[in-house]
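Side chains are part of it too, since the values below use all heavy atoms of this structure and drop only hydrogens, waters and symmetry mates. Every value quoted in this text rests on a predicted model; they were computed, and no experiment measured them. Here is the naming used below: chain letters follow the sequence lines, and residue numbers restart at 1 for every chain.
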Number of protein chains: 2
Amino acid sequence: MAVNKKGEFDPKEIELAELAKAISHPARIAILKTISERNACICGEIVDVMPLAQSTVSQHLRELVNAGLIKGTIDGPKSCYCINWETFKKFEMIFGQFFNKAKDFEDKRNCC
Amino acid sequence: MAVNKKGEFDPKEIELAELAKAISHPARIAILKTISERNACICGEIVDVMPLAQSTVSQHLRELVNAGLIKGTIDGPKSCYCINWETFKKFEMIFGQFFNKAKDFEDKRNCC
DNA sequence: TTGTTTAATCGTATATTTGCGATAAACAAT
DNA sequence: ATTGTTTATCGCAAATATACGATTAAACAA
């Protein structure tokens, strides 16, 4: 694209879009699933389960941290990650604000 | 990237990732919001509200159609779009399957 | 110290997305 | 028939994302 127009939109829309983007890759969903099933796990465990190189997994983990979907703590030479449920709640809330409210009008004048 | 590894993951994870990707851009969220507020609207109305060129809006609309989040019908020279609530329900369901169940373990052994 | 393990980061190649103008296609109105 | 309106698609440029190997840094053990 010539220029990035993302900044032209409403902050709430941008926030929702960024959360959605964080879970818009199957690798990141698999990572979130792995962490949530074990309720916490170190980076190495995730790498073992994933069909990706260590550096790639690390990159995906950083994106999830940046989006606020997971938290990480350094534990010796290892890194431990767990789900940040606060952000998941926020995601569901914003998602609902945008779409569930309008769902009430579901059976009104629809053209298609 | 050298190769695309997305196919290596679970079909459910891929499906969820694709739905998330469809709403991972503020323009597409703004489009969805506009359509859901009016409960249906023609392409031109969306273009007027959006800070993007007509061709770009059309492209975003196509992506939303491909993801199944909206439906479109041709009405003379105009095109009418409305929300496909079925897909939104499916989205919430799959999302819940992945993450809400695990939320029960929220207060168990967390390392961070 | 030296070596080992673990994970983040850097550099790079390639794929995908985003955005626009130009064009085409379908129809309405004159 | 010609003109105008509306929207989809094509072709291109630029920005981002994805993936990997190599390197680095940090913690710890021998």
Fill in the blank from the handout: 5' to 3', nucleotides 4-10 of chain C under a 4.0 Å protein heavy-atom cut-off (B base, S sugar-phosphate only, - none) gives --SBBB-
Handout entry: Spacing of A/Cys43 atom SG and A/Tyr81 atom OH [to the nearest 0.5 Å]
Key = 6.0 Å
Completion exercise
To the nearest angstrom, the CG-P distance between A/Asp75 and D/dA26 comes to 17 Å
Problem - Watson-Crick or G-U wobble mate for C/dC10, both contacts under 3.5 Å - result: D/dG21
Practice task
Taking the side chain as every heavy atom from C-beta outward, state whether A/Asn39 and A/Glu37 have any atom pair closer than 4.5 Å.
Solution key: no
Handout entry: N/O (side chain, B/Asn4) to phosphate O (OP1/OP2, C/dT16) under 4.0 Å
Key = yes
Handout entry: For atom CD1 of B/Ile70 and atom C1' of D/dT7, their distance in whole Å
Key = 13 Å
Exercise for the section: Measure from NZ on A/Lys6 to P on C/dG19 and round the result to the nearest Å. Expected result: 7 Å
Distance-only donor-acceptor pairs under 3.5 Å for side chains of residues 13-23 of chain B, two or more places apart:
unit_1	atom_1	unit_2	atom_2	d
B/Glu13	OE1	B/Asp10	N	3.4
B/Glu15	OE2	B/Lys90	NZ	3.2

Exercise for the section: Write out all pairs satisfying ring pair (Phe, Tyr, Trp, His ring centres under 6.0 Å) with one or both partners inside residues 17-56 of chain A, taking only residues at least two apart or from two chains. Expected result: A/His25-A/His60
Practice task
Using whole Å, report how far CG of B/Asn66 lies from C1' of C/dT17.
Solution key: 14 Å
Practice task
Determine: side-chain N/O of A/His60 to OP1/OP2 of D/dA17, distance under 4.0 Å, yes or no.
Solution key: no
Handout entry: Which nucleotide in D/dC20, C/dT18, C/dG21 has an atom nearest any side-chain atom of B/Glu63
Key = C/dT18
Problem - side chain to side chain donor-acceptor pair (under 3.5 Å) partners for B/Thr87, two or more places apart - result: B/Asn84
Exercise for the section: Identify the residue among A/Leu64, A/Leu69, A/Ile70 that makes a side-chain contact (heavy atoms from CB on, under 4.5 Å) with A/Arg28. Expected result: A/Leu64
Problem - A/Phe91 and B/Phe95: CA distance, side-chain angles, deciding distance, ring pair (Phe, Tyr, Trp, His ring centres under 6.0 Å) verdict - result: CA-CA 11 Å; A/Phe91 181 53; B/Phe95 186 85; 5.3 Å; yes
Problem - Length of the CG-C1' vector between B/Leu52 and C/dG21, whole Å - result: 14 Å
Handout entry: Between P of D/dA26 and CD1 of A/Ile74, the distance in whole Å
Key = 10 Å
Problem - Gap between atoms NZ and P, on A/Lys5 and D/dA14 respectively (whole Å) - result: 16 Å
Problem - Non-hydrogen side-chain atoms of B/Phe98 and A/Leu32 separated by less than 4.5 Å - result: no
Fill in the blank from the handout: In numerical order, the residues of residues 10-33 of chain B whose heavy atoms come under 4.0 Å of DNA chain C are B/Lys21, B/His25, B/Arg28
Could you list the donor-acceptor pairs under 3.5 angstrom formed by side chains in residues 44-59 of chain A, with sequence neighbours left out?
unit_1	atom_1	unit_2	atom_2	d
A/Glu45	OE1	A/Arg38	NH1	2.7
A/Glu45	OE2	A/Ile42	N	3.2

